[in-house]
2 protein chains.
Amino acid sequence: MATGRTHRPATRSRGIPEATVARLPLYLRALTALSERSVPTVSSEELAAAAGVNSAKLRKDFSYLGSYGTRGVGYDVEYLVYQISRELGLTQDWPVVIVGIGNLGAALANYGGFASRGFRVAALIDADPAMAGKPVAGMPVQHTDDLEKIIRENGVSIGVIATPAGAAQQVSERLIAAGVTSILNFAPTVLSVPDGVDVRKVDLSIELQILAFHEQRKAGEDSAAPAPAAGAATAPSAASAGAGADASAVVPPAARPASGARKPGPEGDVPAVMPA
Amino acid sequence: MATGRTHRPATRSRGIPEATVARLPLYLRALTALSERSVPTVSSEELAAAAGVNSAKLRKDFSYLGSYGTRGVGYDVEYLVYQISRELGLTQDWPVVIVGIGNLGAALANYGGFASRGFRVAALIDADPAMAGKPVAGMPVQHTDDLEKIIRENGVSIGVIATPAGAAQQVSERLIAAGVTSILNFAPTVLSVPDGVDVRKVDLSIELQILAFHEQRKAGEDSAAPAPAAGAATAPSAASAGAGADASAVVPPAARPASGARKPGPEGDVPAVMPA
DNA sequence: GGCTGTGAAATTGTTCACAGCC
DNA sequence: GGCTGTGAACAATTTCACAGCC
């Protein structure tokens, strides 16, 4: 799931499966909430419910970390918080830089969820000279020229990229050259990075597209015909969005590129809605 | 991967595996870029590189959609753009609402990636009366009181939640009651929703935690001792972050809760760095 | 009696490798 | 000759179900 040229079996890391690692932060969040309410112990069933998974999976996950529970009783909340934190590496301080202080970058800088884990925003970096020195989230924005210096002086190994897509690859190269080995990428581009560098992607529109896929299927189940949306009326005509949607959006090509008739698409080839 | 009480085999949807669905938006993005450069055809190898996957996987993925390529030649870009768009349901207009117009909500409202797919931000909603009427991304923020009305009048079936964690569950209930059946949740909470409602989560700090996990392992490989970070000096002491990190963060509990000696953690139990 | 820890089974996802077509 | 489409092998993940301990 992490990108990066992961050629090694990926989970050579130390036995803990990737899927489990991806859930540890979920468990940690649920446990932290319990800890704040001074709950001393939880059963796998309760904790699983709080984390939104099923209990068998949770127990299996924890079994990769060690035997931290007590049969007949459950798990000690504080102890487990600590063990998971340690496993995730959150018992140490992780300075991060955020590059690209637009709307999203500023939102990230202000996001409390970082600081409350072991992450410390060490610097905000932007290419716009007009931004330099302006305070965002109580911290002056610094110019890209100083990127390498900032990385090195702060011992940063994790970088967050929130630049426009066009700048992301170059920014990632500079980050990596300066010593960063993990990147969280919000720009909608595939970064190509050398071996040994981890990249994780968050793409907001991808998530929406996945929802749309399922949403469409739901509509198809209700009635036989693939009806438009769930709600009723309106739909203010003109398929292209209000503001400046690039007109290229979705145009049904004549038919198949070459050759004549083929088997139609899996569900019948008729476009449900077709812009005129 | 989608949350929601997915009890059905999940991929009863129409044969297309979830993992494939999750990659379609990636392919679509790469194809759109090619289309803009007027590239007529691509091979699975080229397209795979552009999308950041390997070609076997891409071909397998496409084979679930149908036989849209031409042996010896490759795929017709325009045709494939259309087929994937249709499969994802992007040939229709999807009005979405964003609830919670803080930093993140505003960033989402301004994010161009939505409009350029089939998504149209139909309304911005916030609970703060002071926000009401204020323009964000060229659109007046509306008050939560009108949530149900807005949903119904616009036929919205997809909602985006960018509220604080405490408000998220209640907002989701109101959205669902008003007709929303898919939710993209940015609040760091597990939403519990009825069957038939899809939830996808994006949690910024979770991604960072996963990176930290791998980062920690890397450090361990370099030298025998688990060295701090990659870079060199600094690390401005004081483990807790600058601003208002909740002091409860990470406290190593005395030892095991009950009983005496146990097998130590998988990697040896000594905490790498321990706040004094 | 209640609940964890874990082998074994079932399911899902990925990669290989090659037949089939242009 | 080049490249897609796909069965078959392989790998990862999830779920089951129950032995083992408190």
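Naming: A, B, ... by sequence-line order, numbering from 1 per chain.
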Within less than 4.0 Å of OP1 or OP2 of D:dT14, is there a side-chain N or O belonging to A:Arg23? yes
Spacing of A:Tyr64 atom OH and A:Ile16 atom CD1 [to the nearest 0.5 Å]: 10.0 Å
If I take atom CG from residue A:Leu34 and atom OH from residue A:Tyr75, how far apart are they, to the nearest 0.5 angstrom? 13.5 Å
Using a cut-off of less than 4.0 Å, is there contact between a side-chain N or O of B:Tyr64 and OP1 or OP2 of C:dT12? no
Return the value, rounded to whole Å, for the distance between atom CG of A:Leu58 and atom C1' of C:dC3. 12 Å
Quick one: on DNA chain C, does A:Lys60 or A:Gly74 contact a more 5' nucleotide (nearest heavy atom)? A:Gly74
With no hydrogens and no angle check, just 3.5 Å: does a side-chain donor-acceptor pair link B:Thr189 and B:Gln169? no
As an exercise, state the distance from CG of A:Leu191 to CZ of A:Arg200, rounded to the nearest 0.5 Å. 13.5 Å
Taking only side-chain N and O atoms of A:Tyr68, does any of them lie within less than 4.0 angstrom of OP1 or OP2 on C:dC3? no
Between B:Ser44 and D:dC3, is there a side-chain N or O to OP1/OP2 distance below 4.0 Å? no
Considering just the side-chain nitrogens and oxygens of A:Asn54, establish if one lies under 4.0 Å of OP1 or OP2 belonging to D:dT14. no
How close or far is atom C1' of C:dG1 from atom CD of A:Glu45, stated in whole angstroms? 16 Å
